[in-house]
Amino acid sequence: MTQSIAPAPPLNIRGLTKTFGSTTVLHGVDLHIGPGEFVGLMGPNGAGKSTLIKILDGVHTASGGTIRVGDETVSSLGGRSDVGFIHQDLGLVESMSVLDNLRLGERPLRTFGPLLDHRAERAAALAALERVGLTWAVDELVAALAPGEQALVAIARAFGRGARILFVDEATSTLPVADAARVIAALRENAAQGATIVMVTHKLHEILDATHRVVVLLDGRLAADQVTAGMDRAALVDLLLQHEAAKVERVPRGADTTAGRDGAAPVLEISGAFAGRAGPVDLVLRRGEVLGLTGLPGSGLHDIAFLAHGSLRPARGTVRRGDGVRVAIVPPHRETQGGFDHLSVHENITLSSLGNWTTKLRLLALGREKRDSAEMVERLNVQPPGIDTPFGVLSGGNKQKVIFGRALLQRPAVYVLCEPTRGVDVGTRSEIYRLIEELRDTDAAVLVVTSDSEDLFAVCDAVAVVEDGRLSESRPIEHMQPADLEVMV
Amino acid sequence: SSNDSSSGSSQAAAPTATTGGTAGLAAIKAQVAKDKAGAVTWPAPTEAFDPGSKKAMIIACGFQAPVCVEAAKEGVKAVKAMGWTTPAPQDGQLAPQTQSGLVNKATQQGYDAIVMYGIDVNSIKAAIDQATAKGVAIGCIVCNSGALRGKVIDATPDFEKQGEQMARYLIAKNDGKAKVAAFQDSAFPQTSLRVSGVKNVMSSDCPACSLSVKQESVAETAKPGPPAFTALLSATPTGKLTDVVALYDGIGVPMATTLKSRGRKDMVIDGYDAEQPVLQALAGGTLPYGATIGSPVNYATWAAVDEVGRKVAGKPTWDATALPTVLITKDNASKYIGKQFQPAGDWQSTFTKLWGKG
Amino acid sequence: MAARGIRTPAPAPAGAAQAPAPSRPARPAPSLRRFLARPEIEGSVTFVAFVLLFAGYGIWLGSSFLNIDDRLLDVHQNVPILLLGLAVMVTLVAGAFDLSVASMATLTTFLSIGLASKDGWPFGLVLVVCLAVGVAGGLINGFLVERLGVNTFIATLGTSGLFVGASKVYSSGTQLSPLPGHELPTWFTDVGSFSQKPPAAVMWVAVALAAVAAFAALERLKPAGRDARSWTVARVGIVAVVLLVLTVAANLPKIVDRCSYLVAVTIIVGAGMWILMRFTTYGRYLRAAGANRGAARLAGVHVQREVMKAFVLGGVLAALAGVLLGASQGSAAPDVAAGFLLPAFAAAFLSTVVFSTGQFTVWGTIIGGIFVVWTSQGLIIGGVAPQWTDVVNGVVLVAAVALSALMKRQKA
Amino acid sequence: MAARGIRTPAPAPAGAAQAPAPSRPARPAPSLRRFLARPEIEGSVTFVAFVLLFAGYGIWLGSSFLNIDDRLLDVHQNVPILLLGLAVMVTLVAGAFDLSVASMATLTTFLSIGLASKDGWPFGLVLVVCLAVGVAGGLINGFLVERLGVNTFIATLGTSGLFVGASKVYSSGTQLSPLPGHELPTWFTDVGSFSQKPPAAVMWVAVALAAVAAFAALERLKPAGRDARSWTVARVGIVAVVLLVLTVAANLPKIVDRCSYLVAVTIIVGAGMWILMRFTTYGRYLRAAGANRGAARLAGVHVQREVMKAFVLGGVLAALAGVLLGASQGSAAPDVAAGFLLPAFAAAFLSTVVFSTGQFTVWGTIIGGIFVVWTSQGLIIGGVAPQWTDVVNGVVLVAAVALSALMKRQKA
Ligand SMILES: Nc1ncnc2c1ncn2[C@@H]1O[C@H](COP(=O)(O)OP(=O)(O)OP(=O)(O)O)[C@@H](O)[C@H]1O
Ligand SMILES: Nc1ncnc2c1ncn2[C@@H]1O[C@H](COP(=O)(O)OP(=O)(O)OP(=O)(O)O)[C@@H](O)[C@H]1O
Ligand SMILES: [Mg+2]
Ligand SMILES: [Mg+2]
């Protein structure tokens, strides 16, 4: 990991505008990024961050404005070998090997004629992987890697091609803490060696830890552009929330919650269960309780979530639900497991609870159904608010809200919320915390399965840790410090 | 109608000296009565020969078509009666590729002869050439082998004569004022031959008749209607046609069903091959069907087997390329239900005697 | 990510990755332009293209094309294909497909003719048995694909052989036509005949229901500015005008009068399917399963069960198509429905561009199927030589669909 | 997420959502069991099932089935289907599909016969023209699907009509056979003939290359513990033993001796395709585009261009299939290749279970196509009543594939 990177040319964006149909997503964004800078790009869901990056990549064409690299005016940076992009979905072909993925779109290394030189390709791939410490994975299928490792492959690919400027769009939002840390470390290392990096993230500590500068987009306009050095968490939150009403704060909870919930009847009981990589799992969930589960990737954390939801059946052991207890899930991977791109927001949000709107003739009362979904969309502040919008065009965080809304409409006794705040902006995050509190107050049981320790401290009554598939005893959150979790995770 | 000329030729030809006019009509009616009664003279071999013990493969056009299955079964009977061996008949699947494959297989496996039913040998020319080059004798039942005739021995009625029979029937039935549309598919020469038979007679013997020739592709006939016929109906005002001659009965039946279903009573369908549903419909009057032409398929089968036997034995062959056919209308349909048009009496034993197996 | 091909037919492959979406207007655009940009309007380009084609035919061929009886006869005769199109559509919506529907139709054609004539069963029983065969076939397909996880193409190709083989075993490989003395019941052949018409009242009820449905469907088209009450009035107006135009220009009463039983059955089945797909939980579940199987499962949809039901529904529709084919033919020829498979798929896929933007629809399938038939019928009536009809048909089909694809690109 | 259907055929739909990854074995298992659990071995269940079926045929029918000449003749005659299978496979790998290949083959059958005999062109020119027609057809398909974004089904169904229509226009709808005096060049008919054999040396070179390829392919199967050198020695041993077994048990020299030109062409085309798919960037791009279009684009693959090339390659292979069909038939019948479409698709889809676990492969397509032919051929030789062959064929096909699906479920 000692290659140094030739300094990148400066990047100059002037008056960048983008409209989709009659919606304007970016309003004349100006941005200058100097060589070797590590810039954090923040802003609420739907602010236009991904759109900005997609324009730079050439996926979208700007409706107006100029992009200059060094002295050159370009329409996009896509296809340049000195610029790399890592999008929210990493752009890896899961069914192909790491080696194949690293070679996609590269100048082919050949023996004779069109035949590929496998030895040379391997050597090049190993060199690229070395930068992120993944040489062992060269022949693995991408699908077999942990999500963090996949992100590292994407980074290795970008730098392996000689990228000096790298744009990273929420590559860490799907990663557990440790993996995310690895990715951030790899990025920081490369920045130190001279690469320019622009990273979109909603995670405050990543901005504070790694970046030199933070740029905030609000409603498609540049709202702030400040040096990170010397900034603390509170200052950053202030910066982000300057136009928003909501504040992130721990909702104060009465001291009696613990006492109350021990008496309640269990709604979900898992005992001695094995499924997938998880097991043995013993877990009791009662009404009015918010239990947090956390763990490393590959620990089987999400398998436990699916087990509790019922979408995964135990190979051994039992999962018992109380009579008539329904379980709703917010799945961990919203891009693939969450929604239906070509169906409308309305159809996405009501899918799990269609029974609510079935008439005696077993037909759907469309009017009522639409009214209720519009209400939910408004309550969760989904942007844009039209319920006939196809789900696919929503920004990442808004997709998450819709999926959350689907679970809420089910009014189940048990919520299994996987990574509930993954990829959502700071304002929505506190909104979601408030919602979880509300659920507790309505006597629902909530299982928060997360790799984000903030979730645990913000809403959970107790926390259990998954290690190698085994679930630890849960411990009340009051007795825990962030350091405890870091030791455990 | 005004659109006819684009797809076919519409004509009302001048009378000829011999049979024109109303005097001709009586002669035609007399001939029609004979056509209905069936022929009296049957071409047949006379020389005996020793077929030896050889093996023959029987290839039917395609088992989808019941006639093909029937002919193949009869072929097995005849070949066995000649003292030869033959495996189960092969299914040509109505596909030239399969049929040529079967011919190749027979060639490769050293068969002495191949007896085919209803196969267009010109579409499997390469296989036929290779087989004959290796000395395999090939007989074809109800075929017109065209340019390959000679290499392939046909035992068949004359398709053009079938058309002439049909034309006489149409003229007679409509008292010399037949208004006919006839379908042909150039991909299948026998359909064109039938149409040209109709055309010949009409243009020479019926000045007041009209004939329009319509193109139709056999592949399309599997579609509902079939489309070419419903289009013809659309384009034909009531009273403009008296008869529509189908490519063959297999397509005539759906055409008649469509006609009946559409409620048009101004025309009827005619066809060829005397298929069972048509005979039933004619006898029972259940479909608007006029006539069909029956062929002696069994007789042709035995004739083909006899001829390939002679060819293999190195004996001269005889001419079975114009076997008689019969005109079948509602008057004589019930006679042919479940039976074929064939010579009277035990004609099979005539063959077996010549083969020395009597 | 829009997948193309059979799985999800959203047509724009190129733009699929980056430009998924019709956008909503943020700043007020002129009301008419905004209206025209709506997906419902955009989705009708192909429809309009076909209508113009038929208008062209009308000018060229006059009353030999523009003839209610003849065009209804075309529809009547293609009812089995339309029903097979619906059978195919159900599984396509569910993200699968079914190559065995045509063979299933062949099988029930044989069964209906054979059981009614050869075996002399009462007709109600024959119908029940045929539909039960459809259910059984669908269950086999569903089991193979959903429970065993056999590749859909291989599974349904295999069962296709099985069904058509069963029809041959049943008939010993020959064609089946009722023998004298074992005639089909007349009401059965009447159902299949174009000259027998159902009571006009039935058809008028259908028209009335269609009007109501159109009224309801129009709600989605409400211009943003309009308030609900005035739009209701406007909708009544629109429906009334359309009915009036149809009556005057297309002689609606005559159309209604001349509809055959088969056409009526198609309308009724279509209405049932439409209700199923749009107004029941089942339709919603099926579309979800087709759009993203994994997500549907996690959202609580019993994906396997719903997709199996789709195969069963497809099997039943195919079985019905076969029975009606038997009724209209009066006899059964080997492999009689084999040629209907591609036209049925074409109808289903046309539905993604007729009246729609990328979704399979019931009415789109029926109308698409009819349009294809009329297109080639016009050519044949016009006397285009048969060797040219294939070419022209191909070009027309592609051009009509390319239009809507182009329209979509233009916008992106 | 394993999608089913035409797009990605990985079968296990049920587990798809919750079981994201094949797990690497954590604790060391016994070497043999581990070896058997490898996907390569698991993928050969269907292959083994077919081989057992043929062994059964052998016991039942003896030398009338186990006959090198006859079975090679089967292969020879089905070469056009095998090549169409490859044509179909290329687009399937790219995540699209092409219904027009059979019509393209029909068109070039007509062209090759017609230009060579009717129009008397020199044969090299005829071949070039036919392949150019294949390229043009592929470009049209690619343009419609990739540039205009027309639904793949409609586009290729439309061009299918176009191509077959063109063949009819060329021949005025009749069949074409060379007239006396305009015979086809003998070397052309020789190429199509089973009795003409290419020099044995050519075939031995093919065998040698196959051995080398097998040697290379075996590298992937290296047991984890083994060091590279000793595995190389073992690979030499394995290949030698297989060759020996083939020579003794299956009379390899005789097989080589009896291969016809068409078989040799198939092997050569197959090898070329295999190299293209496995050892060039193009193959990799195509697989990436098929597996995840969006990701491939982001990774810098020119997806549209690569998929268009796949259509062109498919068109060329189909054109070649047509020319060879012409050579073996010596004449051209209307729509001659229409019946090859489903078998070609079946062969391509079989490749996802023969020798593979969910991927389309070149050799799997060829071998799958051959197996289907032999399966039904055995039934015909065995004298099974024709009405039963469809049923048995269907059941065998589904059963052989279900086996591998079951195997996969067992493991999951
Ligand atoms: N193709 C499109 N058509 C129409 N609208 C679009 C399209 N792509 C994005 N949008 C809209 O543009 C806005 C900005 O989306 P973008 O994905 O850039 O947000 P983001 O800042 O990345 O949000 P997040 O933090 O949630 O990822 C959203 O309102 C989104 O709905
Ligand atoms: N035994 C193993 N061998 C190889 N890879 C493994 C193994 N166990 C887990 N992994 C990898 O770790 C990743 C995460 O596994 P798992 O789904 O259990 O974790 P998780 O905590 O649920 O996280 P996520 O659902 O976000 O991936 C998987 O993608 C898997 O490929
Ligand atoms: Mg984003
Ligand atoms: Mg997981």
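Just so we're clear, the structure is a prediction, and the values are computed from it rather than from any experiment. Protein chains get the first letters and strands the later ones, always in sequence-line order, with residue 1 at the start of each.
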Quick one: what part of [X] sits under 4.5 Å from any heavy atom of chain D, side chain, backbone, both or neither?
X      : value
B/Q93  : neither
B/D91  : neither
B/D129 : neither
B/S217 : side chain
B/Q97  : both

- Item | Partners meeting side-chain contact (heavy atoms from CB on, under 4.5 Å) with B/V69 (sequence neighbours left out) | B/F63, B/K73
- Item | D/Q329 side chain to B/I124 backbone, donor-acceptor under 3.5 Å |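 No, because the side chain of D/Q329 does not come within donor-acceptor range (under 3.5 Å) of the backbone of B/I124.
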- Item | Main-chain N/O of B/A187 paired to D/T174 side chain as donor or acceptor, under 3.5 Å |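 Answer holds: no.
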- Query: Just checking, any donor-acceptor pair under 3.5 angstrom between side chains of D/D70 and B/Q109?
  - Reply: yes
- Using the test ring pair (Phe, Tyr, Trp, His ring centres under 6.0 Å), find all partners of D/W121 that sit at least two apart in sequence or belong to another chain. none
- What residues form a ring pair (Phe, Tyr, Trp, His ring centres under 6.0 Å) with B/Y272, not counting sequence neighbours?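 If we apply the ring pair (Phe, Tyr, Trp, His ring centres under 6.0 Å) test to B/Y272, skipping adjacent residues, there are no hits.
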- Message: Only heavy atoms, only distances under 4.5 angstrom. Which residues in residues 161-172 of chain D are near chain B?
- Response: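 D/K168, D/S172 fall under the 4.5 Å cut-off.
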